[in-house]
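Notes follow once the structure below has been shown.
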2 protein chains.
Amino acid sequence: MLSTMQDEQLSLATLLRYASTFQGDSHVSTWTGDGVRTQTYREIGQDAARLANALRDLGIGVGDRVGTFMWNNNEHMVAYIAVPAMGAVLHALNIRLFPEQLVYVANHAEDRVVIVDGSLVPMFNQYLPNLRTVRHVIVANGDVATVQAPEGVTVHAYAELLAAQPDSYDFPVIDERSAAGMCYTSGTTGDPKGVVYSHRSNWLHAMQVISPNGMGFTAADTVLAIVPLFHANAWGIPYAALMSGANVLMPDRFLQPAPLLQMMEQARPTFAAAVPTIWGGVLAALQAQPQDISYLRTCVVGGAAVPPSMMRAFEERHHVKLLHAWGMTETSPLGSVGHPPAGSEGEEAWAYRYTQGRFPAGVQARLVGDDGSVLPNDGEALGELEVKGPWITGSYYSPSGGEVDPDKFHDGWLRTGDVGKISPNGYLTLVDRSKDVIKSGGEWISSVDLENAVMGHPAVAEAAVIGIPDEKWDERPLVAIVLVEGAEAKPEELRDFLAPKFAKWQLPEHWTFITEVPKTSVGKFDKKRLRAQHADGTLTVITLA
Amino acid sequence: MLSTMQDEQLSLATLLRYASTFQGDSHVSTWTGDGVRTQTYREIGQDAARLANALRDLGIGVGDRVGTFMWNNNEHMVAYIAVPAMGAVLHALNIRLFPEQLVYVANHAEDRVVIVDGSLVPMFNQYLPNLRTVRHVIVANGDVATVQAPEGVTVHAYAELLAAQPDSYDFPVIDERSAAGMCYTSGTTGDPKGVVYSHRSNWLHAMQVISPNGMGFTAADTVLAIVPLFHANAWGIPYAALMSGANVLMPDRFLQPAPLLQMMEQARPTFAAAVPTIWGGVLAALQAQPQDISYLRTCVVGGAAVPPSMMRAFEERHHVKLLHAWGMTETSPLGSVGHPPAGSEGEEAWAYRYTQGRFPAGVQARLVGDDGSVLPNDGEALGELEVKGPWITGSYYSPSGGEVDPDKFHDGWLRTGDVGKISPNGYLTLVDRSKDVIKSGGEWISSVDLENAVMGHPAVAEAAVIGIPDEKWDERPLVAIVLVEGAEAKPEELRDFLAPKFAKWQLPEHWTFITEVPKTSVGKFDKKRLRAQHADGTLTVITLA
């Protein structure tokens, strides 16, 4: 039996129309270094129409990719909504990728136009000669003359381009399953892989972001979007802001604690989103120079776990709630959010807040063991997290239509590569990446737990743990230690230090001392290189009895 | 370009699975007259599986209609989710329909099974012989022997039926556009018309209900669902509760102010939903016998406008916020909700709260004039409200596939039949039903405004205003007055009383005095009958110079 409901498509153009009319007085502001420049959503809507008209004049049609190489600012927000609303596909290029990765993703996505911030032109000039499909470069907030354009590439000034266009556009009705945007993973193995978000997935994800069990922001909020718009679909913030009418504060290139605190003082955001590193810096700056930031009610934190001490310091010293969220580029990214359950208080609530959070109804989650069997959500069993839902990717983008990394998918579920446990009431606790977990005698040892514990030793500056082959146990942990300058510690001493916190069979016998842990482009431990160093005999391993 | 996202269907089975696992400790309670009987969502999930198994054994398959003839209670909640989750279609029968309407809708929907509350069996027995497609009656909370079943109808006891079944069910994957539930309008003209909700529309609507710009309730809330589950898709509360993990308090048949206040005192709901009449009764009861109800933060009110004085009384005396919402059976029903805009305070905020509320991004709204042209949302222009969106109906149910009332739809928009204005920031103010608005000399006069104003006169008990034909002006208002017993008032005096509030051309010259205003089954003014009385000369009309 069919329903009688309208077959209305969930398209991003509806969010643009909504925000620029019924929420037309809300606004987006960009920090300029000593103040803000502000546009209402009504004006954002007019600029979005102008940009859509301009892009159409440059030959951009439905399905064509438009890249951005930009900081978080008003112009980036305009592109974020104008490009999908007109039926084209937004590809926000991650300016922090290694050069060869940046060139790879722009060519792989076949970006036709790239909008570039003036301050990023010098960096972009290095890549431009290798971008095979780019025909037009649009410079926002900068000088077109600085672009070193190869033959066949035309350079335009954003402001002039828009000024020449009408401020309305007849945004087409788009099938909700059409592409709206792309994001590439900055995976440590192989080439970056592309995820193509649809209008539908972004629309549903925005509903989840504004839901009280998501980020829960409303038109009464001002959201400080520190998370880059080029990172993991901007955590869904641009579309959720348009849907809810929330104001947005954009930091542009001013991402150090001092300017962040300065713009906060002026614009008084009620909500903010950033990775833990940012919050660590802000906390230290506040310690050096105290400032009231209690107007900020919630900071959502993702990308990595925040140390409990940092969560407590923010709450106790500054009355600001840090809210854990788990997600990835492949999940749009909102997966789980660390709101404690109703009625929990004190230490019980804190224990929930330290987890990666609870899954909402739209994200199905399960744990799968080494043998492919589904494990119970009993808060004990460790397995690889698999997720499923309308804003979770079902494949990676392939221009040729072939399958990319099909082993990342399992019976219609995304294999996240994260290992953890799920409590009966739906809270996720991650312990490792599946490729880093150590499989010893049929049991799993968390490399992250060992690293965190051993880094608590005063002589240890950094520690990375990898699994190395073992005839009897399959794998055993090898701990690579970077000592604090001038400090000393023997493996025996470090193992004794770990002993009270781990089962005996989990305690590592293999140790090595290194001068630094190899890192990826985004600063994560590069365990692949560490494993290669071990394999080729570069590391001197001490094995305890 | 296609997206890579999973094509996950928005199905109600996901909500059942979610609530019964990750929100398994939340609960549904039913008032028994002196206490509550409670089931956790885990237990609701088990009963839903048992009911699905039982219905399958009775021959119910995908698309078959299952009726309910029930109060709001745990068993009704189980049916609300079990029936669509198994792919069948829930048809909650409105026990307050006129007998011929009730029989009409059950036959029109072709209900195969009806679940009936024991206390409603005597009423149901009157209809059962005329229900042509019903083969099974399931009695909840009652005695099967009381059912007078015609030949071919089998009667079952709910508790025994479920006890014989396993507590798990392999809920099928359903296309999200499949029917999930049906609701009939109790229109004053012609036969009731059926709206068929889909899994998709109910899922999206639930997201809107839990959104902060909808009802915004969470797992920390206990929602007192006074609005009947058989009325306008239960305002979306059952599915929103499952999606959010909110607890639900069901009043069963105890809908008078005294038991409502008693169950509130015991279960301390934080959120409630009901029509204005209920709140009027509760307010009066509280005045007679004061009681602290400040645990209740928000009461959503729909179906008719709440008088400002009642909103103020609740807030000022009881610290309870009454929240206006506008919607109809055809809109799932959440259309607009009366949250004042961010930053508004005092009288400005009150003025917004008296409106029918603001539209969310998922509901497109426009005003259309008499000539079919779209009017501006300037807060001044009056037109018929048309709406569009993924939880708005696009047609009425027709078993034969033919069109029902196609003039209720206009270029893909639903014509609501409501006349009003929309402010630039998206707030709706209704002034009339389109069939009741008086079209005089190319301008519209609100019958409701005239009624409200004249009812402020101390001699007037009730007043209904209709348009009557006029050669020169097309239509002119006729005011039908029911005087307070023993009171007197001349038409001249009443017109003078209206004069300061209306333009001169709006002041009515035609008056009639009647003993009562004819009413519909749900207690609304039946202006169709009043117009018929005028047309056949039954009314004595006094026409002023």
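Note on naming: letters A, B, ... go to the chains in the order of the sequence lines (proteins, then strands), and numbering restarts at 1 for each one.
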May I ask you to decide whether B:Glu176 forms a salt bridge with A:Arg200, counting only side-chain N to carboxylate O separations under 4.0 Å? yes

Which region of A:Gln208, side chain (C-beta onward) or backbone (N, CA, C, O), has a non-hydrogen atom less than 4.5 Å from a non-hydrogen atom of chain B, or is it both or neither? both

Interface residues of residues 385-400 of chain A facing chain B - non-hydrogen atoms under 4.5 Å apart: A:Val387, A:Lys388, A:Gly389, A:Pro390, A:Trp391, A:Ile392, A:Thr393, A:Gly394, A:Ser395, A:Tyr396, A:Tyr397

Most contacts with chain B, counted as non-hydrogen pairs under 4.5 angstrom, among A:Pro360, A:Gly343, A:Gly181: A:Pro360

Please look at A:Leu242 and chain B and tell me whether the side chain, the backbone, both or neither of the residue comes under 4.5 angstrom of a heavy atom of that chain. neither

Under 4.5 Å, counting heavy-atom pairs only, tell me which of A:Ser423, A:Gly412, A:Gly24, A:Ser198 racks up the most with chain B. A:Ser198

In terms of heavy-atom pairs under 4.5 Å with chain B, the winner among A:Leu414, A:Leu10, A:Asn377 is A:Leu10

Can you say whether A:Asp221 sits under 4.5 Å from chain B via the side chain, the backbone, both, or neither, judging by heavy atoms? neither

Under 3.5 Å, side chain of A:Arg358 to main-chain N/O of A:Asn425, donor-acceptor pair present? yes

For each of A:Met243, A:Glu330, A:Arg65, A:His339, tally heavy-atom pairs with chain B at distances under 4.5 Å, and name the one with the top tally. A:Arg65

Please look at A:Val89 and chain B and tell me whether the side chain, the backbone, both or neither of the residue comes under 4.5 angstrom of a heavy atom of that chain. side chain

Heavy-atom distances under 4.5 Å only: say whether A:Tyr18 touches chain B with side chain, backbone, both or neither. side chain

Partner set under side chain to side chain contact (heavy atoms under 4.5 Å, CB included) for A:Ser178, not counting sequence neighbours: A:Ile174, A:Asp175, A:His199

For the candidates B:Gly426, B:Ala365, B:Ala342, which exhibits the highest count of non-hydrogen atom pairs separated by less than 4.5 Å from chain A? B:Gly426

